[in-house]
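This report concerns only the one structure given below.
In this text, all values refer to a predicted model and were calculated from it rather than measured experimentally.
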Amino acid sequence: MHRYERQSPAINAQISGGSAMPGADRLISTREAAEVLGVSSSYLAKSRLTGEGPRFIKIGARVLYRPSDLDAWLSERSRSSTAEYDAAS
């Protein structure tokens, strides 16, 4: 039995793409999130340490992301000019 199979059925449902709660996002891995965002997994790991990355969920040793949190993070970084203030700088 894999470590993640010992999690609750609700967590397993979200990880596997199902939903324990109606309307809930599927949880995706760091690798999948990196692919969606077009960044490396190591960038996401570093951004978790600095707090600059998207919101994430920690379940034991696993790090998971909600697609809606990735969308929100991208929206926060939307700019119309390079002259706009960047709070991260």
Subject >> Minimum heavy-atom distance between Ala33 and Tyr65, given as atom pair plus value >> reply: CB-CD1, 3.6 Å
**OP:** Work out which heavy atom in Ser41 is nearest to a heavy atom in Ala34; give both atom names and the distance.
**Re:** N-CB, 3.7 Å
Pairwise side-chain contact, [X] with [Y], heavy-atom cut-off 4.5 Å (strictly under):
X: Arg48; Y: Thr30; result: yes
X: Ile57; Y: Val63; result: no
X: Leu37; Y: Leu44; result: yes

Rounded to the nearest 0.5 Å, what's the gap from [atom1] on [X] to [atom2] on [Y]? Could you check?
X: Leu64; Y: Lys58; atom1: CG; atom2: NZ; result: 9.5 Å
X: Trp73; Y: Ser68; atom1: CH2; atom2: OG; result: 14.5 Å
X: Leu70; Y: Ile28; atom1: CG; atom2: CD1; result: 5.0 Å
X: Asp71; Y: Ser75; atom1: CG; atom2: OG; result: 6.5 Å

Subject >> Pair Arg26-Glu32, salt bridge (charged side-chain N to carboxylate O under 4.0 Å, His left out): steps then yes or no >> reply: CA-CA 12 Å; Arg26 172 183 177 264; Glu32 292 172 306; 3.4 Å; yes
